[in-house]
There are 2 protein chains.
Amino acid sequence: MQAVGAQGALVSVESIEEELTLLVRRAQKVHLRGGPTEHVVERAAYGILAWLHDTGPLRPGALAAHFHLDASTISRQVASLEQAGLITREPDAEDRRACRLRLTEHGRTVLTATRAERRGVVRELLQSWSPEDLANFAFLLAAFNAGLDDHLSPNPNSREESQP
Amino acid sequence: MQAVGAQGALVSVESIEEELTLLVRRAQKVHLRGGPTEHVVERAAYGILAWLHDTGPLRPGALAAHFHLDASTISRQVASLEQAGLITREPDAEDRRACRLRLTEHGRTVLTATRAERRGVVRELLQSWSPEDLANFAFLLAAFNAGLDDHLSPNPNSREESQP
DNA sequence: ACCAACTGCTTGCATGTACCAACCATACCG
DNA sequence: CGGTATGGTTGGTACATGCAAGCAGTTGGT
């Protein structure tokens, strides 16, 4: 048997775990060391702005689900974004407890600038990569994120709730 | 390659930026939702333990450089690890201001357990991946980390410094 | 030998991110 | 209706991180 395949997979998993550990720790600084927009949007808020922009008006709960964060965390960040005039909070016609979050014009502007800046950093980091590697990396990252999303989701199968 | 190449590269960069944003935010939870060791080693401390284990006794400054973190951050985490009996602080013969950090037996044990657990999660996440994809992902992640390392380092050589 | 500048590390303080628990308001169901 | 479930906010807490200030030891110039 050419054990290289299976053994290589093991080695890869170990390597991936290590690199992810490092990446998650280091990558947070990229945002902070950025240019002018770093004072405008917090790192966490950027994700919210981007997702809100890309998927239209959402409720806080939907954001929490997307990022797999506690509702309270989102609540505070949303409050901060609203305070900063980057998003608005419209009443939800369907459910008066809830609200719909929408980017303001200002929010859109700031997001565009911040996003351009971040993409610039990423582009610079990857400037020497081949198109194949870029495409591959994008694809594999997306696949990994999808798996992570799955993993973090409350899987109804193997979940045993204790009786209240 | 056809004209798709250049355009694909742009799309890839945008996609990569998005996926990284998501990944960095979500991946932190993996550690926290772990099993029994989650109470033993903080997320940040795990990286320190692992690096210490893999590269032998180090000084705090070396750790700070490796993770691109402030020395004070490392100082606190090291103090906490020492407190927990996972590492020891030996005087450095070369420089009496400094010290050398070394894993204790207990630290090694805990690291091994935590690492196994984390690798298990990663392995599970990647269980359906082909060996080629695994190897590729490991390679590309490592390459990206190397670029990130470069980017974060005050490397006077290959970067245009906006010097006053 | 001495003082000044530097370096390695620690401490004090501020901020951002996150969770859980407790809570309020509305929705839904019997 | 009343009881429970759901969406969201607020209080309290813990961890991660950076900057500024400080202390101790090192180094270099005279």
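In what follows, chains carry the letters A, B, and so on, assigned in the order in which the sequence lines appear, proteins first and then strands, with residues in each chain numbered from 1.
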Pairs of donor and acceptor atoms involving the side chains of residues 119-126 of chain B, under 3.5 Å and at least two apart or interchain, shall be tabulated with distances.
none

Considering only distance and modelled atom types, tabulate donor-acceptor pairs under 3.5 Å from the side chains of residues 138-147 of chain A, sequence neighbours left out.
unit_1: A/Asn145; atom_1: ND2; unit_2: B/Glu19; atom_2: O; d: 2.9
unit_1: A/Asn145; atom_1: ND2; unit_2: B/Glu19; atom_2: OE1; d: 2.6

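Taking 4.0 angstrom as the limit, A/Arg43 places none of its side-chain polar atoms (N or O) nearer than this to OP1 or OP2 of D/dG18. In this model, the phosphate group of D/dT17 is approached by a side-chain N or O of B/Gln77 to a distance below 4.0 Å at OP1 or OP2.
Partners of B/Glu94 according to the salt bridge (charged side-chain N to carboxylate O under 4.0 Å, His left out) rule, which considers only residues two or more places apart in sequence or in another chain, do not exist here. Looking at residues two or more places apart in sequence or on another chain, you find a salt bridge (charged side-chain N to carboxylate O under 4.0 Å, His left out) between B/Arg59 and B/Asp92.
The nearest whole Å value for the distance from the CD1 atom in B/Ile74 to the P atom in C/dT11 is 15 Å. A/Arg25 places its CZ atom 17 Å from the P atom of C/dT17, with the value rounded to the nearest Å. B/Arg59 places its CZ atom 14 Å from the P atom of D/dG25, with the value rounded to the nearest Å. Spacing between atom OH of B/Tyr46 and atom C1' of D/dA16 amounts to 18 Å, rounded to whole angstrom units. The CG atom of B/Asp92 sits 19 Å away from the P atom of D/dA24 (whole-angstrom rounding). Rounded to an integer number of Å, the gap from B/Lys29 NZ to D/dC15 P is 17 Å. Per the geometry, CG belonging to B/Leu152 stands 15 Å off C1' belonging to D/dG18, to the nearest Å. Distance, B/Ile48 CD1 to D/dC15 C1': 13 Å, rounded to whole Å.
The residue B/Leu69 sits close only to the backbone: its heavy atoms come under 4.0 Å of sugar-phosphate atoms, none of a base.
The side-chain heavy atoms of B/Arg89 and B/Arg100, taken from C-beta on, include no pair separated by under 4.5 Å. Taking 4.5 Å as the limit, every side-chain heavy atom of B/Asn136 sits out of range of all side-chain heavy atoms of A/Phe137.
Listed nucleotides C/dC9, D/dA16, D/dG8 differ in distance to B/Arg89; the shortest reach to its side chain belongs to C/dC9.
Sequence neighbours left out, not one pair with a member in residues 101-121 of chain A passes ring-ring contact (aromatic ring centres under 6.0 Å, His included).
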One character per nucleotide, please: for nucleotides 20-30 of chain C, 5' to 3', B when the base has a protein heavy atom closer than 4.0 Å, S when only the sugar-phosphate does, - otherwise. B----BBS---

